Number of protein chains: 2
Amino acid sequence: MNQSGYITDKLSKLGYRLTPQRMMILSVIENSDNHISAEEIHTQIVAKYPNVNISTVYRTLELLKRLSLVTEINLGGGQVRYHPANKGHHHHLICQECGTIIDLDESALAPLKDTLLREYKFIADLRHLAIFGRCVNCQR
Amino acid sequence: MNQSGYITDKLSKLGYRLTPQRMMILSVIENSDNHISAEEIHTQIVAKYPNVNISTVYRTLELLKRLSLVTEINLGGGQVRYHPANKGHHHHLICQECGTIIDLDESALAPLKDTLLREYKFIADLRHLAIFGRCVNCQR
DNA sequence: ATTCTAGTTGAAACTAATTGCGATTACAAA
DNA sequence: TTTGTAATCGCAATTAGTTTCAACTAGAAT
Ligand SMILES: [Mn+2]
Ligand SMILES: [Mn+2]
Ligand SMILES: [Zn+2]
Ligand SMILES: [Zn+2]
C-alpha cells in the first residue's frame, strides 16, 4: 500500500497521516492527465475499495488545496475540478456559447498580478483561472 | 402592484411576463445597496408574501443574468451574491486570511481584456470579478 | 509487541442551487 | 369581457459540497 510520490512525500514531511484513503486519492490525482472531479476520483477508488466515503475525498481535496498541492477550477460544468499543482500553472478561456476551452499560459496574467501588487499591495492568487466569454467563432 | 424601474421596463420590452413575483424580486434587488443573496431576497419577500417560492427567486436571477441585467459574484461566503448591472462595473480583491474586501475599478482589468482580445480573439466577460489573495496586512 | 491519543474517517444531516412536472396565470386575440 | 395558451410558478426530488459527531487508527512512545 505504501506508494510514493511528490504529494505523498510532502504530506508525510508536514506531519499528516498517510491513510490508505489519502494514498488512493493522491494516486488517482497524480495519475490523471486532465482536470478531475471529486466524484470521478471517488468512482475510481470505489471500484477497488467500495467502503471509501466521498466526504473523505472532499476533505482530502480541501487539505491539498490549503497546502497548495492541488489547484481547483470551475469550468462551468456544475462541478469543481482539480489539478496537481506541480504539473505547471496555466489558465483557461471558456466560450459560453460553444464550450470551447482555450489554454492560456500563466504569463498572460502576470501584468495584472504586478499591477495589483504595485497599486494595492495585494498578492493575488492567480494560479488556475477560468475566464468566461466568447471565442472568435461565436461573436455576432 | 405595477411598480416601474429600469430592469422592469427592460423585461417588459423584451416580451417577458411581469408577474408579481418578478416585480417583487426586481424591487428588492434595485433597492439593495450592496451585494445581495438569493436567500436574502427571498426572506425580504416572504415577510409580506409568504407563498413565494425560493426557486422562483433563483430562476429570476438566472434570467436577469442571461440578459446582463444583474452581475453575480462569489465572495467566498458560501452563497453567490448579486448586483444590478447598471450600478456600475467593478471588481473585488478578497483577502483569504482576514476577509478584507478591497474594491477595484473596472479599468484595472482593461489591459488583460485587451490582451485576450488581441492574442486570442476572445471577448472576456470581466464585469464583476472576485480575486482572492493576501492583503498588505496579512503577508508574512 | 502493546498502549495511547490526536488526527482521520464513515455516516447521516444539512446547505445552496438546479431540475422535472403538473397547476396556475399574464396577456394577446377574439 | 371572455377565452386560449405558452410562460411561469410552487412543490418535491435531486445534485454538489459541507458539517457534525461518534468510532476508528496511524504512528509515536513505551
Ligand atoms: Mn487546467
Ligand atoms: Mn460588487
Ligand atoms: Zn465559442
Ligand atoms: Zn488580510
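In this text, all values refer to a predicted model and were calculated from it rather than measured experimentally. Note that these values count all heavy atoms, side chains included, but never hydrogens, waters or copies made by symmetry. Letters A, B, ... are given to chains in the order of the sequence lines, protein chains preceding strands, and every chain is numbered from 1.
- Between B:His90 and B:His128, the ring planes lie perpendicular to each other; the angle is over 60°, past the 30° to 60° tilted range.
- Applying the 3.5 Å distance criterion, the base of C:dG7 shares a donor-acceptor pair with the side chain of A:Arg17.
- Taking 4.0 angstrom as the limit, A:Arg22 places a side-chain polar atom (N or O) nearer than this to OP1 or OP2 of C:dT8.
- When rounded to the nearest whole Å, the span between CG of B:Leu75 and P of C:dA16 equals 15 Å.
- Side-chain contact between B:Leu116 and A:Leu104: present, with at least one pair of heavy atoms (C-beta onward) separated by less than 4.5 Å.
- Residue B:Ser55 places none of its side-chain N or O atoms closer than 4.0 Å to OP1 or OP2 of D:dG10.
- Contact between the side-chain N/O atoms of A:Asn53 and the OP1/OP2 oxygens of C:dT9 is not found at any separation under 4.0 Å.
- The distance between atom CG of B:Leu63 and atom C1' of D:dC9, rounded to the nearest whole Å, is 14 Å.
- Within the 4.0 Å cut-off from OP1 or OP2 of D:dG10, at least one side-chain nitrogen or oxygen of B:Gln21 is found.
- We find that CG of A:Leu11 is positioned 13 Å from C1' of C:dT8, with the value rounded to whole Å.
- Between B:Leu61 atom CG and D:dC9 atom P the separation is 12 Å, expressed in whole Å.
- For the pair B:Gly78 and B:Arg59, both in contact range of DNA chain C, the more 5′-proximal nearest nucleotide belongs to B:Gly78.
- The phosphate of C:dA17 (OP1 or OP2) has a side-chain N or O of B:Tyr58 nearer than 4.0 angstrom.
- Listed pair A:Thr56 / C:dG10 meets the phosphate criterion, a side-chain N or O lying under 4.0 Å from OP1 or OP2.
- Heavy-atom nearest nucleotides on DNA chain D were determined for A:Thr19 and for B:Ile54, and the one closer to the 5' end corresponds to B:Ile54.
- Looking only at side-chain heavy atoms (C-beta outward), A:Ile54 and A:Val46 stay at 4.5 Å or farther from each other.
- Between the side chain of B:Glu40 and the backbone N or O of B:Arg81, no donor-acceptor pair lies under 3.5 Å.
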